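These numbers were taken from a predicted model, which means no experiment stands behind them.
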Amino acid sequence: MANFSKPSEHRFTVEVYQNAHLPEGGREVNAIVTVTATGGGTMAETPLASRTPLVPHQSPSSYGQRAAGPDAAVVVMVDCSGSMDYPPTKMRGARAATAAAIDTLRDGVAFAVVAGTHQAKEAYPGGGRLALADATTRQQAKDALRKLTPGGGTAIGTWLRLADRLLESSEAPIRHGILLTDGRNEHEEPDALRASLQVCAGRFTCDARGVGTDWEVKEVTGIASALLGTADIVADPAGLSADFTRMMENAMGKEVADVALRLWTPQGAEVQFLKQVAPSLETLTERRVDAGPRIGDYPTGSWGDESRDYHLCVRVPAAAVGEEMLAARVSLVLPAPAGSSPHVPAQGLVRAVWTDDLAASTSLNPQVAHYTGQAELARVIQQGLDLRRSGDIDGATAKLGRAVQLANRSGNEDTAKLLAKVVDVVDAATGTVRLKAKVTAEAQMTLETRSTKTVRVKK
């Protein structure tokens, strides 16, 4: 573990957990990398309106100084399509939830509200700009929410592009979106939504929520995945306000933007994959941006006070017993002003040591084993639900039974409870289950949406 942060700044640490021993000729090195940020973040005991914003993208010694402009910008995208009127509680819940989110904004944060249908419109403040949160603008925004009425279709890509244009007008380092939908993206082609996500990726983060049970899980989770946010279901509109408040509180807790995980590998070594494995599963392999010879940066978004785990797999050149090499160097990289070198607050080392000790080379590191199981858990849940939808009862039973076994073995109680709403568990230890004859849409969608949420390994 290494920590290069100065006392005055947000601190990052990197810890590496692995079994470095390989058999003669072995080539695959696995490690769990835990990144922890402390020293700022949620600041739960500090009143929202009195928090000191950070200077955006400044040198390490300047973190914590008061900035001239807003330190964060947020756009809330509210589905106002015609289906939000069926039942009317959805539209009422959306207005109330957006008002609760606005009340959670701290003074000085830039914000806007977008009304989304088959086109995107500025609900507040208008004029292609953002408002700065204070008592007056919060009330004005809530007044504008009362004018939102359902009507029209759903084209989520247009909502995201408008949010991007609004956020681009701000120099705030933390840029975040909150998106609510109740239906499928039926009024634009899938390629149009994918293109919008490609444009917005890396420009702002976004949490996505589906209200009710008539939306498409893969669309909502795909939006959150592309934009490094969270996804969830709010089946009952009455729960929207509490959920929006939590999302906004989390957004207000972010203090360091555009953090990258940088991997250096030696000549002959190759990164097989890099995945975030806690608090949720997210594959980062394809998001690599080359940053120099044998160096790649992987985006992780914005950070507050939190800890995340990553699974790194590196393929190294084969070697003889007794040889040792550095398989990878893992660094945290923070942005810096133009012309300056990026700040590297912490780094860790991944090693490879070849041995003829069979016990040493075949022992699986507990952290690696745990998260390998968590990844399999998410995979078999998705496969099981797909098989159930296609009518393959035996295949679905086998996959969901394996999911029950993995959830029981890893102590993932939340997922186990969700699985129990889809299958009758005969024996959790062996994964013996029976598919329930009747499963509500809410139960199935909740399991699918939350299948990638993981539990931390006990270290």
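Remark: side-chain polar atoms of Ser390 are paired, donor with acceptor, to backbone N or O of Leu387 under 3.5 angstrom. With hydrogens and angles disregarded, a donor-acceptor distance shorter than 3.5 Å links the side chain of Thr454 to the backbone of Pro279. Between the side chain of Glu306 and the backbone N or O of Gly304 there is at least one donor-acceptor pair closer than 3.5 Å. Using modelled atom types, no side-chain atom of Arg388 and backbone atom of Ala396 make a donor-acceptor pair closer than 3.5 Å. Side chain of Arg106 to main chain of Met252: a donor-acceptor pair is present (N/O by atom type, distance under 3.5 Å, no hydrogens or angles). Under a 3.5 Å cut-off, the side chain of Asp290 and the backbone N or O of Gly292 do not form any donor-acceptor pair. The backbone N or O of Leu332 lies less than 3.5 Å from no partner atom in the side chain of His343, so there is not a single donor-acceptor pair. Using a distance-only test at 3.5 Å, with no hydrogens or angles considered, a donor-acceptor pair links the side chain of Ser361 to the main chain of Leu358. Distance alone, capped at 3.5 Å, is enough to place a donor-acceptor pair between the Arg456 side chain and the Ser307 backbone. Although no hydrogens or angles enter the test, the distance criterion places a donor-acceptor pair under 3.5 Å between the side chain of Gln405 and the main chain of Ala429.
Annotation: the span from Gln383 atom CD to Arg402 atom CZ amounts to 11.5 Å, rounded to 0.5 Å. Here the CG atom belonging to Leu240 is positioned 8.0 Å from the CE atom belonging to Met247, to the nearest 0.5 angstrom. For the atom pair SG of Cys313 and CD of Glu270, the computed distance is 10.0 Å after rounding to the nearest 0.5 Å. Put simply, CG on Leu167 and CD1 on Ile174 are 12.0 Å apart, with the number rounded to the nearest 0.5 Å.
Contact check for Ser225 versus Glu282: side-chain heavy atoms found under the 4.5 Å cut-off. Pro299 is listed as a side-chain neighbour of Leu228, based on a closest heavy-atom distance under 4.5 Å. You'll find the side chain of Gln18 stays beyond 4.5 Å of the side chain of Val368, heavy atoms only. A 4.5 Å side-chain heavy-atom check between Thr300 and Tyr310 finds at least one atom pair inside the cut-off. Put simply, the side chain of Trp264 does not reach to within 4.5 Å of the side chain of Val330, judged on heavy atoms. For the pair Met325 and Trp354, the minimum side-chain heavy-atom distance is below 4.5 Å. In this structure the side chain of Val33 reaches within 4.5 angstrom of the side chain of Val35, judged on heavy atoms. Side chains of Glu171 and Pro70 form no contact here, defined as non-hydrogen atoms less than 4.5 Å apart.
Of the charged side-chain nitrogens involved, none lies within less than 4.0 Å of a carboxylate oxygen, so that Glu249 and Lys254 do not count as a salt-bridged pair. Looking at Arg184 and Glu219, no side-chain N of the basic residue comes within less than 4.0 Å of a carboxylate O on the acidic one, giving no salt bridge. A salt bridge is absent between Asp394 and Lys399; no separation between the charged side-chain nitrogens and carboxylate oxygens falls under 4.0 Å. Remark: Glu286 does not engage Arg288 in a salt bridge, criterion side-chain N to carboxylate O under 4.0 Å. Residues Glu448 and Lys218 are paired through a salt bridge, judged by an N-O separation under 4.0 Å between the basic side chain and the carboxylate. Ion pair Asp164/Arg161 not flagged as a salt bridge, since none of the NZ, NE, NH1 or NH2 atoms sits closer than 4.0 Å to an Asp/Glu carboxylate oxygen. Salt bridge Asp414/Lys453: absent, no basic N to carboxylate O contact under 4.0 Å.
Looking at residues two or more places apart in sequence or on another chain, you find a salt bridge (charged side-chain N to carboxylate O under 4.0 Å, His left out) between Arg194 and Asp191. Take Arg434 and apply the salt bridge (charged side-chain N to carboxylate O under 4.0 Å, His left out) test, not counting sequence neighbours, and it matches no residue.
Nearest heavy atoms, Ala336 versus Ser341: CB-O, 3.3 Å. Nearest heavy atoms, Ala360 versus Thr355: CB-CG2, 4.4 Å. Taking every heavy atom of both residues into account, Val314 and Ala327 meet most closely at CG1-O, 3.8 Å. When all heavy atoms of Tyr298 and Leu274 are compared, the pair lying nearest together is CG-CD2, 3.5 Å. When every heavy atom of Leu166 is checked against every heavy atom of Ala112, the shortest pair comes out as CD1-CB, 4.1 Å. Contact detail for Ala201 and Ala226: the closest heavy-atom pair is CB-O, 3.9 Å.
Put simply, the residue from Asp79, Asp182, Asp236 that forms a side-chain hydrogen bond (donor to acceptor under 3.5 Å, both in side chains) with Lys90 is Asp182. For the ring-ring contact (aromatic ring centres under 6.0 Å, His included) test with His311, the passing option among Tyr371, Tyr17, Phe273 is Phe273; the others fail. Residue Leu160 is tested with Val75, Val114, Leu179 for a side chain to side chain contact (heavy atoms under 4.5 Å, CB included); the sole match is Leu179.
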Mind running side chain to side chain contact (heavy atoms under 4.5 Å, CB included) on Thr154 and Trp159 for me, showing each step along the way? CA-CA 9 Å; Thr154 304; Trp159 314 355; 4.0 Å; yes
Could you walk me through whether Leu334 and Val256 pass side chain to side chain contact (heavy atoms under 4.5 Å, CB included), step by step? CA-CA 8 Å; Leu334 276 58; Val256 185; 3.8 Å; yes
Side chain to side chain contact (heavy atoms under 4.5 Å, CB included) between Asp297 and Leu261: does it pass, once the steps are laid out? CA-CA 6 Å; Asp297 286 353; Leu261 199 63; over 6 Å; no
Output, in order, the C-alpha distance, side-chain angles, deciding distance and verdict of side chain to side chain contact (heavy atoms under 4.5 Å, CB included) for Val350 and Leu312. CA-CA 9 Å; Val350 179; Leu312 170 64; 4.1 Å; yes
Chi angles and distances behind the side chain to side chain donor-acceptor pair (under 3.5 Å) call for Thr285, Thr283: CA-CA 6 Å; Thr285 313; Thr283 299; 5.7 Å; no
Is there a side chain to side chain donor-acceptor pair (under 3.5 Å) between Asp207 and Thr230? Walk through the geometry before answering. CA-CA 5 Å; Asp207 294 322; Thr230 65; 2.9 Å; yes
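In Glu413, the CD atom is not crowded: 12 or fewer heavy atoms of neighbouring residues, nucleotides or ligands sit closer than 6.0 Å. Atom NZ of Lys436 has more than 12 neighbouring heavy atoms from other residues, nucleotides or ligands inside a 6.0 Å radius.
Residue pairs meeting the side chain to side chain donor-acceptor pair (under 3.5 Å) criterion with at least one partner in residues 312-330, sequence neighbours excluded, are Glu324-Arg351.
Between the side chains of Asn19 and Ser363, not a single donor N or O lies within less than 3.5 Å of an accepting N or O. Neither side chain, Gln347 nor Arg262, offers a donor N or O lying under 3.5 Å from an acceptor on the other. No donor-acceptor contact under 3.5 angstrom links the side chains of Glu188 and Thr158, judged on distance only. Residues Ser410 and Gln374 bring a donor and an acceptor atom of their side chains to less than 3.5 Å of each other.
A cation-pi arrangement is absent between Arg209 and Trp215 under the rule of less than 6.0 angstrom and at most 45 degrees off the ring axis.
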